[in-house]
Amino acid sequence: MRRPCVTAIAAISMTCLATPGAAQSLLPLPQKLVPGAGSVTIADGATVSAPAPATAAARLLVEHVRTARGLRLTVTDAAARIRFEQDAGITGAEAYRLIAARDGIRIRANTPAGFVHGAMTLVQLLSPDARTGQPVQVAAVTIDDAPRFGWRGLMIDPARHFLPMPDLRRIVDQMAAVKLNTLHLHLTDDQGWRFEVKRYPKLTETGAWRTPPSTGGPAPTTRVGGFYTQDELRALVAYAGERGITIVPEIDLPGHATALVATYPELGILGDRPPVGNRWGIEPYLFNPGPKGIAFVKEVLDELTDVFPGTYVHLGGDEALKDQWQRSPVVQAQIKALGLKDEDALQSWMIDQFGTYLQSKGRRLIGWDEILEGGLPASASVMSWRGEQGAVAAANLGHDVVLSPGTPLYLDRVQSNLPTEVPGQNVVSSLADVYAYDPMPAGIPADRAHHVLGAQGNAWSEYLVTPAEVEFHLFPRAAAIAEITWSAKDRRDLAGFLPRVQRQTARWTNGGVTVADSAFAVDFAVTGTRGAALRANRVPLTLATQAGYGTIRYTTDGSVPTARSRAYRAPLSLTPGVTVRAAAFDAAGLPTAAVRQFDTARAALLRRGSNDLAPCGTGPFGLRVPLTPDAPEASPAFNLNLFNTCAVYPAAPLDVAGGYRVEVVRLARNWALGHDGGKLRQHYAVSPHGELLVQFGCAAATKAQDAGDKTAKPVAIGAFPLPDPASAPQRFTFEGTLPKTTGDQDICFQFTSPVSDPYYAVASVQLTERR
C-alpha cells in the first residue's frame with residue numbers, strides 16, 4: 001500500500017495517494033517534497049518554540065494559524081510540538097527545510113526569511129480544508145525548499161489614490177503568506193507626493209493633496225490625498241521585514257513631476273506653478289536637471305535611504321515627454337555644455353548622476369525601461385514594462401533586470417469580461433494568463449540568465465479608488481506571480497494550481513482581504529442572437545467559467561444552487577421568463593465563486609448594460625471607469641473609449657423592438673493624453689453641448705472613415721441635445737422609437753459633445769417590444 005500524501009504532493013507528480021484536500025494546499029509549490037511514515041496531529045493549544053532568529057516567524061505562525069484555521073498555538077521556551085531550529089547547513093538567503101514526523105514538526109533555516117517561508121508553508125499544511133477550529137492531521141513529510149528567483153514582487157501605487165497604512169499592512173501580511181518578498185511603492189506622481197521629506201515640507205503639505213476632477217457642475221473643492229510620515233514608513237519597513245519582505249521606494253522623475261512643480265516651481269522648467277494633477281495619463285511637467293534640481297534629488301535620496309534600508313531605489317524614468325526640455329534655452333544650453341546628443345541622453349546623464357550617488361551610499365538604482373533610451377548608465381538596473389525587449393537588451397548588456405511586462409503582469413487590468421469586474425484597464429489579464437508567464441525571456445542566453453532578478457505585478461491606481469478595489473485586482477493573481485517566481489518551471493501546472501489557489505483564497509478571505517472570483521465565476525451566453533431567441537420564444541443558454549474548474553450547478557426556480565443542485569452538462573433551452581442561478585463547486589462540494597444569475601425574461605433579453613455594448617469603429621473600450629474618479633466607496637463601472645465616445649447595441653431585433661430608452665452617464669474628462677491628443681475624434685456639434693445621435697451603420701461608417709472613405713454616412717434614427725453639464729444630473733435618459741424592419745441590426749449611440757466638456761458614456765439601453 002502506498003503511504004498517504006501531504007499537501008501538494010499530487011501536484012508535484014509524486015507517486016502517492018493524496019489525503020482529502022491534501023493536493024490543494026501548498027502554494028507556491030516547493031522545490032522538493034518527500035513523504036514519510038505516519039502523521040502528526042496539531043490541535044488547539046499546541047506549543048511552538050523558536051530561537052532568536054526565528055521569533056518573528058514563530059509569532060507569524062501563531063497569527064496566521066489562528067486566522068486560517070482557528071487554532072491557538074502557544075509560544076514556549078520548553079520542548080514544543082512545533083520547533084524552529086537554526087541550521088547552518090541550510091544555504092540560501094530564503095531556504096528552509098520542514099520536517100513533519102510522528103513526534104512533531106520542525107522548521108529549519110539559517111536566516112529569518114527562511115524561517116518565515118517555512119512558517120507560511122506550515123500554515124498551509126495546517127489549513128488544508130475549511131474545518132475551522134478542528135485539529136489537523138499532517139502526514140509525515142520532508143520539504144526542502146528555496147525560491148527560483150530572488151525578486152518576487154507586487155507594485156502598489158498610492159500616488160494616484162492614497163492607500164491608508166492599515167491597508168498597506170494587510171497586503172504585506174498576505175504577500176508573505178505566499179512567499180512574495182518585494183513590495184514596490186510608487187510614492188510620487190503628478191497626482192501626489194506621498195513621502196515626507198523634512199528638508200522640503202511643502203512636498204507633503206501641498207503636493208500630497210489635490211482637488212477631484214469635475215464631472216460637471218461646480219468645481220469640487222474638497223481635497224483628496226494624504227502622505228506617509230517617515231516614522232510611519234519606518235514602521236512599515238520593520239513590519240514587512242519581519243515577514244521577509246523588502247520595500248523598494250520609487251520617486252518618479254524626470255516626468256510625472258506635476259506635484260513636485262506645483263510645490264516648488266523653481267524645480268520645474270518654465271517657472272509656472274500648476275495645480276497638483278488630477279488627470280490620468282501623461283502630463284508635460286518635467287523635473288529641472290540643472291544643478292539645483294540635481295542637489296534637490298540627492299537630498300531627497302538622503303532621507304529616502306535613511307527610511308528604506310533595502311538595496312534598490314526606483315527612480316522611475318518612464319513616460320517623460322521631453323517637450324519642456326526641448327523648449328527651454330537653459331536646458332538646451334546644459335545639453336550642449338555636457339556634450340550630449342539630445343534630451344534622451346540628458347535623461348541618461350541624469351540617471352547616471354543619481355545611480356553613482358546611490359552607489360556611494362551602498363545602494364543601487366533601478367528604473368523603468370525608458371532609461372535605456374539615450375544609453376544605459378553602468379550603475380542602473382532595469383524594470384521592463386513595455387514587453388520584454390527592455391529586459392533582454394539590458395541583460396545582454398550586463399545589467400540586472402526585473403520582468404514586469406504590461407501583458408500579462410499589469411494587475412490594474414480587468415480579470416475577465418464579467419459585469420462584476422471593478423474599474424480598471426479594460427484589457428483582460430486572467431489568472432491563467434499570469435500563471436502561464438515565465439519570467440525568463442527567451443532572448444536572454446544562459447550565460448546572462450543570472451541578470452534576471454525575478455518579476456513583479458503592478459497595480460496602478462488611477463481607477464483603483466478604494467482599498468477593496470486594489471485588493472480585488474491583486475488577489476488571487478498574486479498567487480500566480482508567487483508560483484511563477486518561486487517554483488520550478490517544469491513543475492507548474494494550471495490544473496494543479498487552481499484547487500490550491502482556491503484554498504489560498506479562503507485563507508486570504510479569512511485574513512480580511514477582498515479576493516476576486518473572476519476566474520471561477522459562471523458566465524452566461526445566449527447562443528445565436530437574442531432576437532432569434534425572442535422570435536422562437538426559446539432561449540439557448542450556455543454556462544461556463546473562465547478557469548474551467550469545478551462542476552457548474554444551477555437552479556431555475558429562484559433558489560440558491562448547492563452541491564446537490566443539477567449539474568450543467570449541455571446548453572440549456574429555456575422558455576423566456578426563467579432566471580438561472582449558477583455556481584461551480586469543487587470536489588469537496590464547496591462553491592468556487594459567488595452565485596451569478598441570468599434573467600431570460602423578454603425585457604431582460606432586450607436590455608444591454610455597459611458591459612454588453614460594443615465599441616464603434618476600430619478602437620476598443622480600453623478603460624473601465626468609475627462614476628466619479630475619487631468615489632470613496634464601491635462605484636458602478638462604465639466601459640469607455642477615450643478617443644471616440646460611441647457605443648453599439650449589437651444585433652437589435654427591429655421586428656421585435658419598437659422603442660428604446662438609453663441611460664446616459666456623464667464622466668470626468670480627466671485624461672492628459674500627451675502627444676495622443678490629436679487622436680480624439682471630434683464631431684461637429686449643432687447644439688451648445690453636443691448631441692446624442694442614435695444611428696444605424698455608424699460603426700461601419702467609422703471604420704470606413706478611418707480607412708479614408710469620407711463618403712460613408714450612418715443613418716440617423718434619433719438626435720437628442722445634451723443638457724448643460726453645469727446644471728444637469730450626472731445620469732439621465734432619452735427615449736425614442738425604432739423603425740420597423742426585418743432581422744437584426746446594430747444601433748449606434750454617438751456623442752458629439754465638445755472635447756472641452758466632460759465625457760459621456762452609455763450606461764444601458766433598454767429596447768421595448770412592439771405592441
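Position 1 is the first residue of the sequence; numbering continues from there. Small disclaimer: the values here were computed from a predicted structure and weren't measured.
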Query - Distance-only polar pair, side chains of Gln546 and Ser518, donor-acceptor under 3.5 Å - result: no
Query raised in the report: Which heavy atom in Val428 sits nearest to a heavy atom in Asp433, and how many Å separate them?
Result: O-OD2, 3.9 Å
Query - Distance-minimising heavy-atom pair for Pro213 and Pro220 - result: O-CG, 3.8 Å
Query raised in the report: Yes or no on salt bridge (Lys or Arg N to Asp or Glu O under 4.0 Å) for Asp412 and Arg160, after CA distance, side-chain angles and deciding distance?
Result: CA-CA 13 Å; Asp412 50 313; Arg160 272 57 177 266; over 6 Å; no
Query raised in the report: Are the side chains of Leu411 and Leu154 in touch, meaning some heavy atoms are under 4.5 Å apart?
Result: yes
Query - side chain to side chain contact (heavy atoms under 4.5 Å, CB included) between Asp318 and Asp252, intermediate numbers included - result: CA-CA 8 Å; Asp318 61 308; Asp252 206 349; 3.0 Å; yes
Query raised in the report: Is a side-chain N or O of His689 found less than 3.5 angstrom from the main chain of Leu722, in a donor-acceptor match?
Result: no
**Report entry** Gln324 side chain vs Leu286 backbone, donor-acceptor pair below 3.5 Å
**Finding:** yes
Query raised in the report: Has the side chain of Tyr568 got a donor or acceptor atom that lies under 3.5 Å from a matching backbone atom of Leu543?
Result: yes
Query raised in the report: Between Gln502 and Thr592, is there a donor-acceptor pair closer than 3.5 Å when you use the side chain of the first and the backbone of the second?
Result: yes
Report task. Assign the ring pair Phe732 / Tyr760 to parallel, tilted or perpendicular, where the plane angle (0 to 90°) is split at 30° and 60°. Result -> perpendicular
Requested in this report: Working to the nearest 0.5 Å, report the span between CG of Asn641 and CZ of Arg681.
Outcome: 9.0 Å
Query - Side chain to side chain, Glu421 and Ser416, heavy atoms closer than 4.5 Å - result: yes
Query - Atom of Asp517, atom of Ala593 and distance for their closest heavy-atom approach - result: OD2-CB, 3.4 Å
Query raised in the report: Will you find, in the side chains of His675 and Asp323, an N or O donor that is under 3.5 Å from an N or O acceptor?
Result: yes
Query raised in the report: For atom CZ of Arg327, is the number of surrounding heavy atoms from other residues, nucleotides or ligands below 6.0 Å larger than 12?
Result: no
Query raised in the report: If you measure only the distance, is there a donor-acceptor pair under 3.5 Å linking the side chains of Glu370 and Trp385?
Result: yes
Query raised in the report: Should Arg581 and Thr555 be marked as a side chain to side chain donor-acceptor pair (under 3.5 Å) after you check the CA-CA gap, both sets of side-chain angles, and the distance that decides it?
Result: CA-CA 5 Å; Arg581 307 184 76 188; Thr555 64; 5.6 Å; no
Requested in this report: Give the ring-plane orientation class for Tyr759 versus Trp671, where under 30° counts as parallel, over 60° as perpendicular and anything between as tilted.
Outcome: perpendicular
Query - Sole candidate of Asn611, Leu627, Leu623 that passes side-chain contact (heavy atoms from CB on, under 4.5 Å) when paired with Phe638 - result: Leu627
Query raised in the report: With side chains defined as the heavy atoms from C-beta onward, is the minimum distance between Phe598 and Leu605 less than 4.5 Å?
Result: yes
Report task. With Arg210 as reference, evaluate Asp190, Asp630, Asp189 under the salt bridge (Lys or Arg N to Asp or Glu O under 4.0 Å) test and give the passing residue. Result -> Asp630
Requested in this report: Check whether any side-chain N or O of Gln745 sits under 3.5 Å from a backbone N or O of Leu654 as a donor-acceptor pair, and report yes or no.
Outcome: no
Requested in this report: Drop me the distance from Ser430's OG to Arg477's CZ, to the nearest 0.5 angstrom.
Outcome: 8.5 Å
**Report entry** Gap separating the CD1 atom of Ile481 from the OH atom of Tyr437, nearest 0.5 angstrom
**Finding:** 11.0 Å
Query raised in the report: Is the closest side-chain heavy-atom distance between His256 and His186 below 4.5 Å?
Result: no
**Report entry** From CZ (Arg273) to OG1 (Thr258), nearest 0.5 Å
**Finding:** 13.5 Å
Query raised in the report: How about Arg194 and Thr188: does a side-chain donor come under 3.5 Å of a side-chain acceptor?
Result: no
Requested in this report: Check the pair Phe524 / Thr542 against side chain to side chain contact (heavy atoms under 4.5 Å, CB included), numbers first and verdict last.
Outcome: CA-CA 6 Å; Phe524 304 87; Thr542 60; over 6 Å; no
Requested in this report: Look at the side chain of Thr600 and the backbone N and O of Val578, then say whether any donor-acceptor pair between them is shorter than 3.5 Å.
Outcome: yes
Query raised in the report: Are any non-hydrogen side-chain atoms of Asn644 and His683 less than 4.5 angstrom apart?
Result: yes
Query raised in the report: Does a side chain donor of either Arg624 or Ser610 reach within less than 3.5 Å of an acceptor in the other side chain?
Result: no
Requested in this report: Just do the side chain to side chain contact (heavy atoms under 4.5 Å, CB included) check on Thr420 and Arg596 with the steps written out, would you?
Outcome: CA-CA 9 Å; Thr420 47; Arg596 301 311 205 267; 3.1 Å; yes
Query raised in the report: Is there a donor-acceptor contact under 3.5 Å linking the side chains of Thr215 and Arg666?
Result: no
Query - Pair Asn426-Tyr463, side-chain donor/acceptor within less than 3.5 Å - result: no
Query - Shortest non-hydrogen contact between Thr222 and Pro212, atoms and distance - result: O-CD, 2.9 Å
Query raised in the report: Thr752 versus Tyr684: any side-chain heavy-atom pair under 4.5 Å?
Result: no
Report summary line: Between the CZ atom in Arg223 and the OG1 atom in Thr221, the distance rounded to the nearest 0.5 Å is 11.0 Å
Query raised in the report: Where is the tightest heavy-atom contact between Asp746 and Phe696, given as atom of each residue plus distance?
Result: O-CD2, 3.4 Å
Query raised in the report: So how far is it from Tyr660 OH to Thr737 OG1, rounded to the nearest 0.5 Å?
Result: 6.5 Å
Query - Main-chain N/O of Arg553 paired to Ser565 side chain as donor or acceptor, under 3.5 Å - result: no
Query raised in the report: Is any side-chain heavy atom of Val526 less than 4.5 Å from a side-chain heavy atom of Leu541?
Result: yes
Query raised in the report: Are any side-chain N or O atoms of Asp369 and backbone N or O atoms of Arg386, one a donor and one an acceptor, separated by less than 3.5 Å?
Result: yes
**Report entry** disulfide bond (SG atoms under 2.5 Å apart) between Cys616 and Cys646, worked out
**Finding:** CA-CA 6 Å; Cys616 299; Cys646 180; 2.0 Å; yes
Query raised in the report: Taking everything shown except Arg566 itself, do over 12 heavy atoms lie less than 6.0 Å from its CZ?
Result: no
**Report entry** Salt-bridge criterion met for Asp612 and Arg607 (N-O under 4.0 Å)
**Finding:** no
Query - Donor-acceptor contact present, side-chain His473 to main-chain Trp460, <3.5 Å - result: no
Query raised in the report: Which heavy atom in Ala761 sits nearest to a heavy atom in Leu640, and how many Å separate them?
Result: CB-CD1, 4.3 Å
Requested in this report: Taking the side chain as every heavy atom from C-beta outward, state whether Val276 and Trp209 have any atom pair closer than 4.5 Å.
Outcome: no
Report task. Carefully, step by step, assess Ser429 and Val434 under the rule side chain to side chain contact (heavy atoms under 4.5 Å, CB included). Result -> CA-CA 7 Å; Ser429 184; Val434 177; 3.9 Å; yes
Query - Polar side-chain atom of Arg608 near backbone of Ala652 as donor-acceptor pair, under 3.5 Å - result: no
